[in-house]
Amino acid sequence: MTDIVPQLVDWYRREQRDLPWRRPGVTPWQILVSEFMLQQTPVARVEPVWLAWVERWPTPSATAAASPADVLRAWGKLGYPRRAKRLHECATVIATEHDDVVPSDVDTLLSLPGVGQYTARAVACFAYGRRVPVVDTNVRRVVARVVHGRADAAPSASARDLADVEALLPDDETAPEFSIALMELGAVVCTARSPRCGLCPLSTCAWRSLGFPASTGPAKRVQRYAGTDRQVRGRLLDVLRASDSPVTKAELDVVWLTDTAQRDRALDSLLVDGLVEQTDDGRFALAGEG
DNA sequence: AACGCGTGGTT
DNA sequence: TAACCAAGCGT
């Protein structure tokens, strides 16, 4: 089973996608930015936004100097704009408390806003070459199949996943390349819906050996979007991003006419999240607009 | 632990 | 076409 390391690494060296944040010269901060953007957002949508972002704000201090409103506009429609807010906060902490240098150890990274287990390990590994397990949804799915012979990973991540990957991780300096290869395999071959097993570089796979048994556990329920507060928040932010001056409550009200209580609740939550602020005259704007 | 949090492409 | 899915995080 340990020979999956050369199989996977050789495959990655041949087949890896040319993603801009993997190119030489990309800094740890810029890798961190890519990881924030890739939290639940597909690569294809991240790419153009990341390119423009790192050109405009190449360092933590440059990012911290921008206003939250500018950051939210540059984030555009990547989704989950709280990530943009946290990225801005993260830049501020690194600029002011870490001398503008992204920390390299997992525990310090974990203390940063918006940085959880996955992102902390991804930065430690991909930006600094640390030998630490990096576990995302792709890795959990690949391990579930290749190691455990199951069609899908457990519904939520656990310490077990970290231990599983730690057991696979090579002891030498190829560990980071192995980790990125594991993710890449899950992203382009061992995919959630229609795995392309014909393209898989691994000579052994427990799931294949068992005849591709179907998923057993409860299906993870997919989140609704239409009609949720999330949709209302999205529409409200859309109006605010598009306006270079504060807007009235009436201009916001028109985005959601069916349920006024829900609309007000969504707007209030944006204020609570610090994404939106109210001006002295009662109008609304992106945070730090002005 | 389960849920809320955006958006848009794919099947 | 509605459902599924996408390099998670915070509570």
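So that the names make sense, note that chain A is the first sequence line, chain B the second, and so on, each numbered from 1.
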Does the C/dC5 base have a donor-acceptor partner in the side chain of A/Arg193 within less than 3.5 Å? no
How close or far is atom P of B/dG6 from atom CG of A/Leu240, stated in whole angstroms? 13 Å
Separation of A/Leu236 atom CG from B/dG6 atom P, in whole Å? 11 Å
Return the value, rounded to whole Å, for the distance between atom CG of A/Asp273 and atom C1' of B/dG6. 13 Å
Decide yes or no for A/Thr258 and A/Trp256: does some side-chain heavy atom of the first lie under 4.5 Å from some side-chain heavy atom of the second? yes
By the 4.0 Å heavy-atom rule, please label A/Leu19 as base, sugar-phosphate, or nothing. base
Give A/Thr228 one of three labels, base, sugar-phosphate or nothing, depending on what nucleic acid heavy atoms sit under 4.0 Å from its own. nothing
Taking only the side-chain heavy atoms of A/Ala192 (C-beta and beyond), determine which of C/dC5, B/dG8, C/dC9 contains the nearest atom. C/dC5
Tell me whether the OP1 or OP2 atom of B/dG8 has a side-chain N or O from A/Arg230 closer than 4.0 Å. no
A/Asp164 side chain near A/Leu168 side chain, heavy-atom distance below 4.5 Å: no
Looking only at atom P, what distance separates C/dA7 and B/dT11, rounded to whole Å? 14 Å
For atom P, what is the distance between B/dG6 and C/dT11, given to the nearest Å? 15 Å
Let me spell it out: for each of A/Arg86 and A/Pro42, pick the nucleotide of DNA chain C with the closest heavy atom. Which residue's pick is nearer the 5' end? A/Pro42
C/dC4, C/dA7, B/dG6: which one has an atom nearest the side-chain heavy atoms of A/Val222? C/dC4
Mapping A/Leu112 and A/Arg45 to their closest nucleotides on DNA chain C, which lands nearer the 5' end? A/Arg45
Check: B/dG6 base within 3.5 Å donor-acceptor of A/Thr41 side chain: yes
Between A/Pro155 and A/Asp238, which residue's closest nucleotide on DNA chain B lies nearer the 5′ terminus? A/Pro155
Does either side chain, that of A/Tyr118 or that of A/Glu35, offer a donor lying less than 3.5 Å from an acceptor on the other one? yes
Between P on C/dA7 and CD on A/Gln30, what's the gap in Å once rounded to a whole number? 22 Å
On a whole-Å scale, what distance lies between the P atoms belonging to B/dC5 and C/dA2? 22 Å
Among B/dT7, C/dC9, C/dA7, which is the nearest nucleotide to the side chain of A/Asn138? C/dA7
Only one of A/Thr228, A/Asp273, A/Asp238 passes side-chain hydrogen bond (donor to acceptor under 3.5 Å, both in side chains) with A/Arg233, and that residue is A/Asp273
Quick check: on DNA chain B, is the nucleotide nearest A/Gly79 upstream (toward 5') of the one nearest A/Ser194, or the reverse? Name the residue that is more 5'. A/Gly79
Side-chain N or O of A/Tyr80 closer than 4.0 Å to phosphate OP1/OP2 of B/dT7: no
note: A/Gln39, atom CD; B/dC5, atom C1'; distance rounded to Å ~ 12 Å
When all nucleic acid strands are considered with a 4.0 Å heavy-atom cut-off, which category describes A/Tyr225: base, sugar-phosphate, or nothing? base
Could you check how far CD of A/Gln223 sits from P of C/dC5, rounded to whole Å? 13 Å
Would you confirm whether A/Ser215, through its side chain, and A/Asp152, through its main-chain N or O, come within 3.5 Å as a donor-acceptor pair? no
Can you check the A/Leu38 CG to B/dG6 C1' distance for me, whole Å? 15 Å
Can you tell me how far C1' in C/dA6 sits from the matching atom in B/dA1, rounded to whole Å? 22 Å
So, is A/Ser34 close to the C/dA7 phosphate, meaning a side-chain N or O under 4.0 Å from OP1 or OP2? no
Separation of C/dG10 atom P from A/Lys85 atom NZ, nearest Å, is 13 Å
Using only side-chain N and O atoms of A/Arg141, determine if any of them is under 4.0 Å from OP1 or OP2 of C/dA6. yes
Interatomic distance, CE@A/Met183 vs OG1@A/Thr137, rounded to 0.5 Å, equals 10.0 Å
